[in-house]
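Reading through the structure tokens given below for one structure.
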Amino acid sequence: MTAFTEKVINIILGIPSGKVMTYGQVSRIAGSPRGARQVVRILHGMSHKYGLPWHRVINAKGQIALRNDAAYKEQITCLEMEGVEVDINGEIDLAKYQWHPLLDPLER
DNA sequence: TGGATGACCTTAA
DNA sequence: ATTAAGGCCATCC
């Protein structure tokens with residue numbers, strides 16, 4: 001387990017209900033500008049074991065990155081249950097629901 | 001065009 | 001076999 005992974009996990013765990021974050025944002029805060037894919041990997045692979053709120057992490061477009069899988073619908077259900085308005089196409093209003101963890105010098 | 005993004009695939013322990 | 005870390009490149013705007 002690397003510091004990067006821990007950071008990512010910590011960030012994800014820090015996302016409150018009703019809020020979401022993007023891969024790029026998480027990866028940037030974690031310290032890797034190009035590490036979005038690792039965030040993806042961590043979510044996909046480790047969330048299952050660690051019980052991370054993977055459903056609160058979406059892509060930078062404000063949409064569900066998943067396809068029409070069961071997980072896709074599951075994520076929408078979870079998000080709506082938390083109060084996040086999810087469009088029929090899986091689009092989420094980042095302006096309202098994107099979570100800003102701390103003051104990030106790297107972000108923005 | 002160029003830059004940012006990514007729900008994977010591969011290798012290592 | 002399982003679990004974790006790492007990355008480069010195609011795709012979209």
Side-chain angles (χ1 to χ4, degrees):
Chain A
M1 195 82 84
T2 183
F4 174 76
T5 304
E6 291 182 60
K7 222 173 210 175
V8 172
I9 294 175
N10 184 42
I11 293 169
I12 294 172
L13 287 175
I15 305 175
S17 296
K19 291 291 179 180
V20 295
M21 281 189 74
T22 66
Y23 299 104
Q25 193 183 8
V26 175
S27 63
R28 232 173 308 187
I29 296 170
S32 291
R34 294 284 99 94
R37 313 193 86 187
Q38 277 197 266
V39 177
V40 169
R41 214 211 51 67
I42 293 168
L43 258 89
H44 196 83
M46 300 182 77
S47 58
H48 188 70
K49 294 175 59 285
Y50 286 71
L52 301 178
W54 58 272
H55 54 271
R56 296 188 190 145
V57 185
I58 59 179
N59 59 23
K61 299 179 285 295
Q63 299 176 148
I64 308 295
L66 296 166
R67 302 176 181 179
N68 358 352
D69 288 317
Y72 171 78
K73 296 181 299 181
E74 184 182 324
Q75 180 167 20
I76 294 178
T77 303
C78 290
L79 290 172
E80 288 182 331
M81 192 167 58
E82 293 177 351
V84 178
E85 297 176 40
V86 183
D87 192 84
I88 310 168
N89 301 319
E91 298 178 26
I92 298 172
D93 195 338
L94 284 177
K96 291 187 293 189
Y97 298 109
Q98 185 170 27
W99 170 244
H100 305 281
L102 314 161
L103 3 146
D104 329 301
L106 297 174
E107 196 209 348
R108 193 172 313 185

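Every value quoted in this text rests on a predicted model; they were computed, and no experiment measured them. Order of the sequence lines fixes the chain letters, A, B, ..., with proteins taken first and strands second; residue numbering starts at 1 for each chain.
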Indicate, with a heavy-atom threshold strictly under 4.0 Å, whether A/Gln63 touches base, sugar-phosphate, or nothing.
-> nothing
Looking across every strand, which nucleic acid part, if any, lies under 4.0 Å from A/Ala36 by heavy atom: base, sugar-phosphate, or nothing?
-> base
Respond yes when some side-chain nitrogen or oxygen of A/Tyr50 is under 4.0 Å from OP1 or OP2 of C/dT3, and no when none is.
-> no
Rounded distance in Å - NE2 (A/His48) to C1' (C/dT2) = 13 Å
Check: A/Tyr23 main-chain N/O paired with A/Ser27 side-chain donor or acceptor under 3.5 Å | yes
Outer limits of DNA chain B sitting under 4.0 Å from a non-hydrogen atom of chain A, read 5' to 3', are B/dA4 to B/dC9
Can you tell which of A/Ile9, A/Ile15, A/Val57 makes a side-chain contact (heavy atoms from CB on, under 4.5 Å) with A/Leu52?
-> A/Ile9
Residues in side chain to side chain donor-acceptor pair (under 3.5 Å) contact with A/Thr2, at least two apart in sequence or another chain | none
Give A/Thr5 one of three labels, base, sugar-phosphate or nothing, depending on what nucleic acid heavy atoms sit under 4.0 Å from its own.
-> sugar-phosphate
What pair of heavy atoms forms the shortest contact from A/Met1 to A/Tyr50, and how long is it?
-> CE-OH, 2.9 Å
Does the distance from a Lys or Arg side-chain N to an Asp or Glu carboxylate O, for A/Arg56 and A/Glu82, drop under 4.0 Å?
-> yes
NA contact type, A/Val57, heavy-atom cut-off 4.0 Å: base, sugar-phosphate, or nothing?
-> base
Does A/Lys49 make a side-chain N or O approach to OP1 or OP2 of C/dT2 shorter than 4.0 Å?
-> no
Is there side-chain contact between A/Trp54 and A/Gln75, with heavy atoms separated by less than 4.5 Å?
-> yes
Return the minimal non-hydrogen interatomic distance between A/Thr22 and A/Ala60, and the atom names on each side.
-> CG2-CA, 3.7 Å
Do A/Leu94 and A/Lys61 come within less than 4.5 Å of each other through their side chains, counting heavy atoms only?
-> no
Tell me, for nucleotides 8-13 of chain C in 5' to 3' order, what letter each nucleotide earns: B for a base near a protein heavy atom under 4.0 Å, S for only sugar-phosphate near one, - for neither?
-> B-----
